[in-house]
Amino acid sequence: MMSKSRKTGLVIFLMLAFPFLTVIRAQDLKSVIRLMRSEQFSAAASGYKALLKQNPADGEVYYYYGENFINEYFSDTANNSLKEISDSARIIFQLGIQKDPANPLNLVGMGEIAMLNKDIAGGQDYYAKAFALLPSKANKSIVMESSKQANVLIRMANGYVRAHVKDTAQIFAILKNAEKLDPKNYELFIVKGDAYIFLLNDGSNAITNYNIAQSLNPQSPFAKLRIGQLWMRAKQYRSALTYYDDAIKIDSNFAPAYKERGFLLAKANRNEDAKKDFARFLKLSAGNTAARIQYVNILFDIQDYREAINQLTEVYKVDSLNNDLNRALAYAYYETSQYDKALYFGRKFFATEKPEKLRAADYIYYGRILARNKMDEQASAALLKGFDMDTTKPELLSEAALCFTKVKKYDKAIETYQKKIVLKKAAPMDYYNLGKIYYNVRDFQQADTNLAIFNQLQPDHVAGFIWRARTKSNIDSTSKQGLAKPIYEIIIVKTQSDTTKYTKERIESFYYLAYYYFLQYAQTKNKEYAVQAIAFSNKVLAIDPKDEKAEKAKQIIDNLKKFMN
């Protein structure tokens, strides 16, 4: 659910005194970078634009402006589009190269974009060009402060790590050179810690480096955040909470710490506390549509769909062209049983979404929305598509088959249930429903087979025995063989504990037995059969003398008395 809006959220004040311009610019860039790292991406973008208006040839600003897009992507990789982010960042980096060709940073940015898109060789080519712009024995004419050189190297290493290029020998060699140039650069140790945890799964060395970073810059909450994230990764939630709390104590306006703590609290089912943290995150990220979307994600996680609708509606006011909002609103309205609205937004979403971007969940939700709106044939197609994309959800086959059944597409329903049976994923109710479908198409042998399986799997499900008894009655259409007799006798036993609940089932069972014994008497003239027929007929009359079967039971009694006399 990525935002495409870039709202202005920062105003840069400039002093008019020309001699101080360089100092102010440096301070302002640090402030804007701090906004970016606090995930205030819209405000940061506005800040970078203001700085470039002030100095259009500053390659460092272009670089961090491009990084702003990449950081926004990494803030929510599930909902942000790498392609769209890459396209935006690439434009900025290319401008930076044109405006400030001697600055290697934008070449580093281009390299990172290439590697994030799996073009490792292309990324390394850009890195080689960036290296060529650094001072060296071959480039003695190039003058650059050691801290700036170190920063270029750190950013290179960071690109490798974020792209998960597992050339750790190269990464650590780059960082070692950076440390020689600027041993007190705390970001160096953040990147080194990231390399250990994300590429080598070495938590111990990662924490060591994060702690060094913290000691070098005690006023930065970033190292504390990283250690908290590491403990979350290790499912050590108490430790993670401690570090998130510490990060917030260092900087109460550091938005990512509230977001991460919110996720943790939601996982601990402390939903109200989680919502408070995300509300704080949202406030600190004012003007950041992506932040509000992340708040929506946590609301989905804690199943507060009504508040999610409220937040989505606010985003929709400023970003109605974002199709992901249509998706989210369709989901949320479905979860709150507002099926007409869910259908409206579901249709809008599918009308404009590119097929290659559709997820299994999209088809699943849309199928269920269509079913709730009694559009069952369309629903079944969507549900089957959802299953094709995610075969770990065999229940979708059952839902699709039920939709086919509702529109009397019995052949499709049978095919769908059989597919689930072949996959050995059939649930007991699948056999029950399949048995009933076979009953409706008058294939009573298949109906009996499936209902027998269901009776075995669900021996307390009375309706399963009722339908099997009816199936047996149709196989033995004259009732002379009494194929349904043992089933109806089982039903009578199973319903004894709650005769009120199962009134209809007991009437049906007693009447069948009355009729069966009536036929036996008619064939054999054995009075014992007549006694049984009268007894069961009287049971029908005792339950409900006004039931339609009661009249037939009365006729059995009258006829038997006539025959016996």
Side-chain angles (χ1 to χ4, degrees), residues 21-23 25-30 32-33 48 51-52 54-70 86 89-117 119-163 165-192 194-195 199 209 213 216:
L21 190 60
T22 303
V23 176
R25 173 256 172 214
Q27 182 61 47
D28 280 345
L29 180 57
K30 288 181 181 178
V32 180
I33 292 171
Y48 292 129
L51 288 171
L52 288 172
Q54 175 186 317
N55 188 352
D58 192 330
E60 191 172 3
V61 177
Y62 281 105
Y63 170 74
Y64 283 107
Y65 188 7
E67 280 289 297
N68 193 56
F69 289 102
I70 299 174
S86 298
R90 192 179 289 113
I91 291 169
I92 303 301
F93 292 141
Q94 287 171 339
L95 279 171
I97 293 168
Q98 292 171 18
K99 299 289 185 180
D100 191 0
N103 191 323
L105 277 173
N106 288 289
L107 290 165
V108 173
M110 290 293 287
E112 182 178 11
I113 285 292
M115 288 191 288
L116 286 172
N117 286 278
D119 181 7
I120 307 304
Q124 290 174 331
D125 285 344
Y126 279 113
Y127 276 13
K129 291 175 184 177
F131 269 120
L133 295 176
L134 293 174
S136 66
K137 291 180 181 179
N139 293 319
K140 293 180 180 179
S141 61
I142 298 175
V143 178
M144 185 183 295
E145 294 174 24
S146 59
S147 61
K148 288 185 178 292
Q149 294 179 55
N151 187 47
V152 172
L153 296 174
I154 292 165
R155 305 268 56 87
M156 281 184 183
N158 190 54
Y160 274 126
V161 174
R162 293 214 288 194
V165 178
K166 295 190 176 181
D167 188 352
T168 49
Q170 172 81 337
I171 293 166
F172 289 128
I174 291 170
L175 290 172
K176 186 176 181 180
N177 288 333
E179 190 171 358
K180 290 177 183 176
L181 291 163
D182 189 5
K184 293 188 177 180
N185 187 316
Y186 90 103
E187 289 192 30
L188 183 155
F189 295 97
I190 294 289
V191 174
K192 198 172 180 182
D194 289 351
L199 302 183
N209 281 279
L216 290 171

J.: Do Phe93 and Ile113 have side chains that get closer than 4.5 Å, going by heavy atoms?
T.: yes

J.: Does the pair Leu175 and Phe189 meet the rule for a side-chain contact (heavy atoms from CB on, under 4.5 Å), with working shown?
T.: CA-CA 9 Å; Leu175 290 172; Phe189 295 97; over 6 Å; no

J.: Return the CG to CE distance between Asp125 and Met110, rounded to the nearest 0.5 Å.
T.: 11.5 Å

J.: Looking at Pro104 and Met144, what are the two nearest heavy atoms and their distance?
T.: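 So the minimum-distance heavy-atom pair works out to CD-CE, 3.9 Å.
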
J.: Looking at every heavy atom in both Leu188 and Asp182, which two are closest together, and how far apart are they?
T.: CD1-O, 4.4 Å

J.: Considering only heavy atoms from C-beta outward, does the side chain of Phe172 approach that of Lys176 to under 4.5 Å?
T.: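 When only atoms from C-beta onward are counted, Lys176 and Phe172 do not touch, as no gap falls below 4.5 Å.
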
J.: Donor-acceptor check, side chain of Asn139 to backbone of Leu133, threshold 3.5 angstrom: yes or no?
T.: no

J.: In Å, rounded to the nearest 0.5 Å, how long is the span from OH of Tyr64 to NZ of Lys30?
T.: 10.5 Å

J.: So do the side chains of Ile92 and Tyr63 get within less than 4.5 Å of each other, counting heavy atoms only?
T.: no

J.: For Leu116 and Arg162, work out which heavy atoms get closest and say how close.
T.: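 Taking Leu116 first and Arg162 second, the nearest heavy atoms are CD2-O, 3.6 Å.
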
J.: Compare every heavy atom of Leu216 with every heavy atom of Pro183, then report the nearest pair and how far apart it is.
T.: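 Here Pro183 and Leu216 meet closest at O-CD1, 4.2 Å.
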
J.: Verify, without hydrogens or angle tests, whether Asp100 (side chain) and Gly96 (backbone) share a donor-acceptor contact under 3.5 angstrom.
T.: no

J.: Please check: side-chain N/O of Asp167 versus main-chain N/O of Gln170, any donor-acceptor pairing under 3.5 Å?
T.: yes

J.: Show your reasoning for whether side-chain contact (heavy atoms from CB on, under 4.5 Å) applies to Asn177 and Lys180.
T.: CA-CA 5 Å; Asn177 288 333; Lys180 290 177 183 176; 4.2 Å; yes

J.: Has the side chain of Asn106 got a donor or acceptor atom that lies under 3.5 Å from a matching backbone atom of Gly59?
T.: yes

J.: Whether Lys129 engages the ring of Tyr126 as a cation-pi pair (distance to the six-membered ring centre under 6.0 angstrom, angle to the ring normal within 45°) should be assessed.
T.: yes

J.: Can you tell if the side chain of Leu51 reaches within under 4.5 Å of the side chain of Val32, non-hydrogen atoms only?
T.: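 The answer is yes; the side chains approach within 4.5 Å.
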
J.: Which value, rounded to the nearest 0.5 Å, describes the distance between Ile33 atom CD1 and Glu60 atom CD?
T.: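 That separation rounds to 6.5 Å.
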
J.: Do the side chain of Asn103 and the main chain of Leu105 share a donor and acceptor less than 3.5 angstrom apart?
T.: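 A pair under 3.5 Å: yes.
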
J.: Looking only at heavy atoms, which two atoms of Ile171 and Val165 are closest? And how far apart?
T.: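 Looking at all heavy atoms of both residues, the shortest contact is CD1-O, 3.5 Å.
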
J.: Please assess Ile190 against Tyr186 for the test side-chain contact (heavy atoms from CB on, under 4.5 Å), listing each intermediate value before the final yes or no.
T.: CA-CA 7 Å; Ile190 294 289; Tyr186 90 103; 4.2 Å; yes

J.: Return the OH to CG distance between Tyr65 and Leu29, rounded to the nearest 0.5 Å.
T.: 14.0 Å

J.: When rounded to the nearest 0.5 angstrom, what is the spacing between OG in Ser147 and NZ in Lys184?
T.: 13.5 Å

J.: What heavy-atom pair brings Gly66 and Ala89 nearest, and what distance separates the two atoms?
T.: O-CB, 3.6 Å

J.: Mind checking whether Arg155 and Glu112 have side chains closer than 4.5 Å, heavy atoms only?
T.: no

J.: Can you measure from CD (Glu179) to CD1 (Ile154) and round to the nearest 0.5 angstrom?
T.: 9.5 Å

J.: Arg90 versus Phe69: any side-chain heavy-atom pair under 4.5 Å?
T.: no

J.: Walk me through it: do Leu199 and Val161 pass the test side-chain contact (heavy atoms from CB on, under 4.5 Å)?
T.: CA-CA 7 Å; Leu199 302 183; Val161 174; 4.3 Å; yes

J.: Taking the side chain from Tyr62 and the backbone from Pro56, do they hold a donor-acceptor pair closer than 3.5 Å?
T.: yes

J.: Does the Tyr127 side chain pair with the main chain of Met156, one donor and one acceptor, at a distance under 3.5 Å?
T.: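 Checked: pair present.
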
